[in-house]
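Positions are given from 1 along the sequence.
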Amino acid sequence: MQVRRDAPLKSALSDLARVQEYIDKDEFEEAKELLERVRSWCSRHKIRSAHVSWLLAIVCDYLDDLPAAVGHVEDALEVDPVSPSFHRSFEIVTERIRRALCDEHRKPDDPETPRLYELLLRLGEADVPSHLAMARFHVRQGDSSAAFRVLDAVTVLSPGHRDAWLLKAVVARSLGEEELAREADLEAANLAHPMPVAFPVREMARG
């Protein structure tokens with residue numbers, strides 16, 4: 001493919017250089033506005049730039065717009081799926097979403113929780129603490145049945161997570177499922193005080 005370094009292209013490249021200057025000075029709103037302009041130029045010329053999408057992901061991450069950051073880094077990876085830099089950015093953003101969901105200062109009924117959780121599910125990046133955060137959201141919303149479904153799946157797939165069993169016991173009791181609650185209490189207790197593993201004693205060979 002022959003690339004013509006005509007005036008419009010040189011202008012777009014100049015804008016990208018300015019974007020980097022804005023990023024270096026932590027002026028992320030300005031960087032985003034300029035990147036959107038470059039992306040519009042690319043769209044008009046039927047150009048897909050992984051680099052522009054990647055820079056938008058970085059800027060949106062700094063602006064705490066995590067869903068947008070994920071969308072842009074996915075665009076970059078669609079164009080160039082073997083870029084280590086793009087994959088690293090994807091990992092950074094998804095880890096930030098997990099941390100945001102599990103932040104101890106996050107309100108259990110934060111309205112953004114379902115959106116972030118569903119995003120992690122779609123990406124295949126949800127972990128046990130993320131599931132627990134969603135279960136707590138359901139509890140706070142008064143939907144114990146939904147909370148129990150999440151916790152039931154977690155304790156099947158990750159049976160060694162004590163906090164999941166503890167919360168499952170609480171939710172089961174709220175549903176009137178006392179037997180399930182006792183089972184969850186027992187599992188949590190066993191994880192708190194695991195039984196020692198007994199090894200069979202080999203009989204010594206007689207001379």
Connected via hydrophobic side-chain network under 4.5 Å: [X] and [Y]:
X    : Y    : result
V128 : L166 : no
V52  : V79  : no
L157 : L120 : no
L167 : L186 : no
I92  : L55  : no

Please find the pair of heavy atoms, one from [X] and one from [Y], that lie closest to each other, and give the distance.
X    : Y    : answer
K32  : L63  : CD-CD1, 3.9 Å
C102 : S130 : SG-N, 3.9 Å
D152 : T155 : O-OG1, 3.1 Å
H72  : C60  : CD2-SG, 3.8 Å
A12  : V38  : O-CG2, 4.3 Å
D80  : A50  : CB-CB, 4.5 Å

Return the [atom1] to [atom2] distance between [X] and [Y], rounded to the nearest 0.5 Å.
X    : Y    : atom1 : atom2 : value
E95  : E125 : CD    : CD    : 9.5 Å
W54  : S89  : CH2   : OG    : 5.5 Å
D75  : S49  : CG    : OG    : 11.0 Å
L35  : E30  : CG    : CD    : 11.5 Å
H131 : L101 : NE2   : CG    : 10.5 Å
S158 : D163 : OG    : CG    : 12.0 Å

Please examine the side chains of [Y] and [X], heavy atoms only from C-beta on, and report whether any two atoms are closer than 4.5 Å.
X    : Y    : answer
F90  : L123 : yes
I47  : W41  : yes
L116 : T113 : no
H51  : L16  : yes

Open item on the list: Centre-to-centre under 6.0 Å for H161 and W165, is that the case here?
Closed with: no

Task: Test of ring centre spacing under 6.0 Å for F148 and H138 - done: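 Centroid distance F148-H138: not below 6.0 Å, so no.
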
Identify whether the distance between the nearest side-chain nitrogen and carboxylate oxygen of [X] and [Y] falls below 4.0 Å.
X    : Y    : value
E74  : R122 : yes
R173 : D185 : yes
D15  : R18  : yes
E112 : R115 : yes
R162 : E187 : no

TODO: Test salt bridge (Lys or Arg N to Asp or Glu O under 4.0 Å) on E91 and R88 and set out the steps.
DONE: CA-CA 5 Å; E91 292 166 0; R88 178 59 184 151; 3.6 Å; yes

For [Y], is there any backbone N or O sitting under 3.5 Å from a side-chain donor or acceptor partner on [X]?
X    : Y    : answer
R96  : D61  : yes
S83  : F86  : yes
S174 : V171 : yes

Task: Worked check of side-chain contact (heavy atoms from CB on, under 4.5 Å) between I58 and V73 - done: CA-CA 8 Å; I58 292 172; V73 79; over 6 Å; no

- [ ] Show the numbers, then the answer: is there a side-chain contact (heavy atoms from CB on, under 4.5 Å) between K107 and R140?
- [x] CA-CA 10 Å; K107 295 180 179 179; R140 192 60 179 258; over 6 Å; no

TODO: Could you tell me whether F28 atom CZ has more than 12 heavy atoms of other residues or ligands within 6.0 Å of it?
DONE: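 Result for CZ/F28: enclosed.
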
- [ ] Go through the structure and list residues passing side chain to side chain contact (heavy atoms under 4.5 Å, CB included) with Q141, not counting sequence neighbours.
- [x] D109, F137

Open item on the list: Using salt bridge (Lys or Arg N to Asp or Glu O under 4.0 Å), reason through E36 and R39 one step at a time and then give a plain yes or no.
Closed with: CA-CA 5 Å; E36 294 285 5; R39 187 173 66 166; 2.8 Å; yes

